[in-house]
Asker: 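Please see the structure below; I have some questions.
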Amino acid sequence: MRRPDKLRQSRALLSARCHRLRGGALRIAALCTVWSVGCDRTDSPSNADSTAHAPAPGASKPATDSNPTRFEDATARAGLTFQYDLARDGSYFMPETMGGGAAVFDYDNDGDLDIFLVNGGRFGRASPEAIIAGSEQISAAAADTANDKLAGSDRLFQQQPSGRFVDVTIAAGLIESDYGMGCAVGDIDDDGDRDLLVTNYQSLRLWRNNGDGTFRDDSTALPRVEPRWSASAAFGDYDRDGWLDLYVTNYLFYDHSKRCTDGAGRADYCGPNAFPDPADFLFHNESGLRFTDVSATSGIASKRASGLGVVWIDVDDDGWMDIYVANDADPNFLWMNRRDGSFGDEAVVRGCAVNRNGLAESGMGIGVGDVDGDLLEDLFVTNLIDETNTLYRNVGRGNFDDITPRSGLGPPSLQFTGFGTALFDFDNDGDFDTAVVNGGVKRRPTPLRRSSPPDFWDDYVEPTHVYRNDGAARFESLVIESLCNPLEVRRALVPADFDGDGDLDLLTTSLDAPARLYRNLSSSAGRGRTIRAFDPALHRDAIGAKLLIRTDQRSLLRIVRDSGGYLSSGESWIHVALPDGESIREIEIRWPDGGMERFATGNSQRVVQLIRGAGASK
């Protein structure tokens, strides 16, 4: 429940965190050459087959010296040590191709962003069949060494003042041995600290933050539902009662006994069309104490599909949060909020269920944001090889138009399978750019990597794509060597300002390689700011709040949310950057319950606090 005595504590934590952000950046030394022309050509023996993955002619070019986009792989120096544990046994267990979510959030309220990484199975501990049956679950109490406890468990890394990350999984009490997929972060009890929901193959796990650096397993607060293969999840307040509700996508009714092959007759992973579709879950938050299953009464359970990505978005700007779901090989859902606790899927009539040719695609991740500066949020969905990633432009009143052909996002994506993505401003010019991490789910027609000795994942690895927006929803495909190589089977991508220097860094996860932290070194005349919309009555960030940021040259739209692109969750603080010479005049905010305020801001402020009640009423 909400605790009134938390108000003073919340204000103190907010002040401390802002002080930390003003105080400077991490000192993460460069580990490699940050970029060069080479995503489409490399001299590495492991990437000898270079012509197979060259994008369409003219679609990709290196970042120019006039405005270079630079990222360095800072993983080792940051002390981040994690690799997704597949428990792969050669049986082509389909869940092992999909998992590996991540969350970026300040779990201990010390002002630094921490990292939570979802794990799969335990090597040598349980076969996929045993995981399905639940017959070999290994409790933390049964493990007698730290390494045994951590084997196969999800992991929590705490950021230190030095910028290094320390594994605090055991101390935080987050040992878990379920076969993990994704995660979502939200303050479910409005007590000022963020809680954690983990989606697994055949289970859900809810970790309640104790506020002292530890978590407790409170999964009994979730409703009893049929076990399903759950994927992405996101918190949002659909009935505007001040408590964060929960949407969970469910992927397939998977049968591991079914065997599938590729076009050459070789054993391979199955696709979604081989299995029946489930319905998704919608859980209502009952005053922070527990959740109830409203999937049926809300209408969410009325439709079935292979659900993967999900985001809360107010598409028609009526002040009530709607829900967009990316479905794999099924039309996407757009659950429109009817304001009475029910939803109706209007994706078909509103133009974001299928592509402009009327075809359902294989939706994985979702990016959301205003890509063309018209103060309406657009949708970007990543899809399978031989499909393009798809950009849906919001044309007003919650209707969409597929503008992929003229956006520049189509041809470079055609030969790859996209997963994690986000719309974010990596070059600090005020426009939403994007990046997509790729990786096959079935054997590629021509492998892009040939390891010696041969590696199982050589047939599935793909590069990462980065696109710069010109401000009018036309995207330039860049070559960023540090992100393109090594080629990996990547799944999650989360942008965040880990080092507090005003630009957005990247966290990625992979099936065949370690999770990686990329520090943004892009030179830019712009200066990044962090904006927090905080509601003292809720003791937390105002998830779902709409910010209209007015500068002396334009207006920018930003929404407070913490859901990620694929299986992931990000920081709810808003990043805004403007070129030198452009200044913020004021910020108008519509709070989640519809209340309006205006805030004047100083241009010297690195961190802007919008505390409800402190602005001018409108």
Side-chain angles (χ1 to χ4, degrees), residues 1-3 6 10 103 105 183-197 206 208-209 221-223 232-249 280-295 297-300 310-325 333-344 366 368 377 398 532-547 558-564 569-574 589-597 610-613:
M1 296 180 65
R2 295 192 185 102
R3 292 178 243 171
K6 282 279 187 173
S10 298
F105 67 118
C183 55
V185 171
D187 185 355
I188 64 172
D189 45 12
D190 289 357
D191 66 351
D193 45 50
R194 294 184 181 178
D195 310 294
L196 184 63
L197 185 283
L206 179 64
R208 198 178 291 260
N209 193 328
L222 297 173
S232 297
F235 288 101
D237 182 6
Y238 73 83
D239 55 357
R240 309 205 319 187
D241 65 352
W243 303 99
L244 295 178
D245 310 302
L246 176 64
Y247 192 101
V248 180
T249 65
D280 293 336
F281 292 139
L282 179 63
F283 298 151
H284 182 260
N285 188 335
E286 305 293 340
S287 302
L289 299 175
R290 60 188 176 86
F291 290 86
T292 56
D293 183 5
V294 294
S295 308
T297 58
S298 66
I300 298 300
V310 61
V311 65
W312 294 83
I313 173 175
D314 181 8
V315 299
D316 54 357
D317 196 29
D318 66 350
W320 295 75
M321 298 304 292
D322 312 300
I323 305 164
Y324 186 70
V325 180
F333 294 152
L334 177 56
W335 293 108
M336 296 300 296
N337 193 332
R338 293 172 173 164
R339 310 187 195 181
D340 60 359
S342 69
F343 293 81
I366 305 173
V368 58
E377 286 205 300
R532 186 182 191 186
F534 182 79
D535 189 335
L538 302 179
H539 314 296
R540 62 168 172 81
D541 294 344
I543 303 300
K546 172 186 174 181
L547 276 64
R558 299 292 186 268
I559 306 296
V560 180
R561 58 167 61 89
D562 51 22
S563 56
S569 191
E571 174 56 56
S572 59
W573 286 35
I574 288 174
I589 182 167
R590 184 178 69 196
W591 299 98
D593 64 1
M596 303 284 291
E597 281 185 278
L610 308 180
I611 300 177
R612 186 166 192 176

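Because the structure is a prediction, the values reported are computed rather than measured. Because only heavy atoms are used, hydrogens play no part in the values below, and waters and symmetry mates are left out as well, while side chains stay in. Sequential numbering from 1 along the given sequence is applied to the chain's residues.
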Asker: When you measure from the side chain of D593 to the backbone N and O of R240, does any donor-acceptor pair fall under 3.5 Å?
Answerer: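 It does not hold such a pair.
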
Asker: Name the residue from D187, D562, D541 that meets the side-chain hydrogen bond (donor to acceptor under 3.5 Å, both in side chains) definition with R194.
Answerer: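 Of D187, D562, D541, side-chain hydrogen bond (donor to acceptor under 3.5 Å, both in side chains) with R194 is met by D541 alone.
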
Asker: Answer yes or no: is there a donor N or O on one side and an acceptor on the other, between the side chain of E377 and the main chain of D314, under 3.5 Å?
Answerer: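 Answer holds: no.
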
Asker: What I'd like to find out is whether the side chain of L538 reaches to under 4.5 Å of the side chain of R612, using heavy atoms alone.
Answerer: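 The answer is no, as the side chains (C-beta and beyond) never meet within the 4.5 Å cut-off.
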
Asker: Is the backbone N or O of V294 less than 3.5 Å from a side-chain atom of S298, with the two atoms forming a donor-acceptor pair by type?
Answerer: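 Confirmed, S298 side chain pairs with V294 backbone.
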
Asker: Determine whether a donor-acceptor pair (N or O, by modelled atom type, separation under 3.5 Å) exists between the side chain of D245 and the backbone of Y238.
Answerer: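 The answer is yes, because a donor-acceptor pair under 3.5 Å joins these two groups.
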
Asker: Is there a donor-acceptor contact under 3.5 Å from the side chain of T249 to the main chain of S232?
Answerer: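 Pair found, side chain donor or acceptor close to backbone of S232.
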
Asker: Check whether D195 reaches the backbone of I188 with its side chain - one donor and one acceptor, N or O, closer than 3.5 Å.
Answerer: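 Yes.
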
Asker: Return yes if a side-chain donor-acceptor contact under 3.5 Å exists between S572 and R540, otherwise no.
Answerer: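 No, because no side-chain N or O of S572 sits under 3.5 Å from a partner of the opposite role on R540.
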
Asker: When rounded to the nearest 0.5 angstrom, what is the spacing between OG in S342 and CG in N337?
Answerer: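 With rounding to 0.5 Å, OG (S342) is 7.5 Å from CG (N337).
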
Asker: Would you mind reporting whether L222 and L197 have side-chain heavy atoms less than 4.5 Å apart?
Answerer: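 They are in contact (side-chain heavy atoms under 4.5 Å apart), so the answer is yes.
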
Asker: If we check salt bridge (Lys or Arg N to Asp or Glu O under 4.0 Å) with D318, which of these qualifies: R338, K546, R339?
Answerer: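 One option only clears the test, and that one is R339.
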
Asker: Classify the ring geometry between F291 and F235 as parallel (under 30°), tilted (30 to 60°) or perpendicular (over 60°).
Answerer: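 Aromatic pair F291/F235 classed tilted.
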
Asker: For the side chain of D322 and the backbone of L334, is there at least one donor-acceptor N/O pair under 3.5 Å apart?
Answerer: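 Not at all, since once roles are kept as given, no pair shorter than 3.5 Å links the two residues.
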
Asker: Without swapping roles, check the side chain of N285 against the backbone of L244 for a donor-acceptor pair under 3.5 Å.
Answerer: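 The answer is yes, because a donor-acceptor pair under 3.5 Å joins these two groups.
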
Asker: Between W591 and A542 (side chain of the first, backbone of the second, donor and acceptor by atom type, cut-off under 3.5 Å), is there such a pair?
Answerer: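 Judged by distance alone, no pair lies under 3.5 Å.
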
Asker: Side chains of I559 and V368: closer than 4.5 Å at any heavy-atom pair?
Answerer: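 No, too far: nothing below the 4.5 Å cut-off.
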
Asker: Among all residues two or more places apart in sequence or in another chain, which pass the salt bridge (Lys or Arg N to Asp or Glu O under 4.0 Å) test with D237?
Answerer: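 Result, salt bridge (Lys or Arg N to Asp or Glu O under 4.0 Å) vs D237: none returned.
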
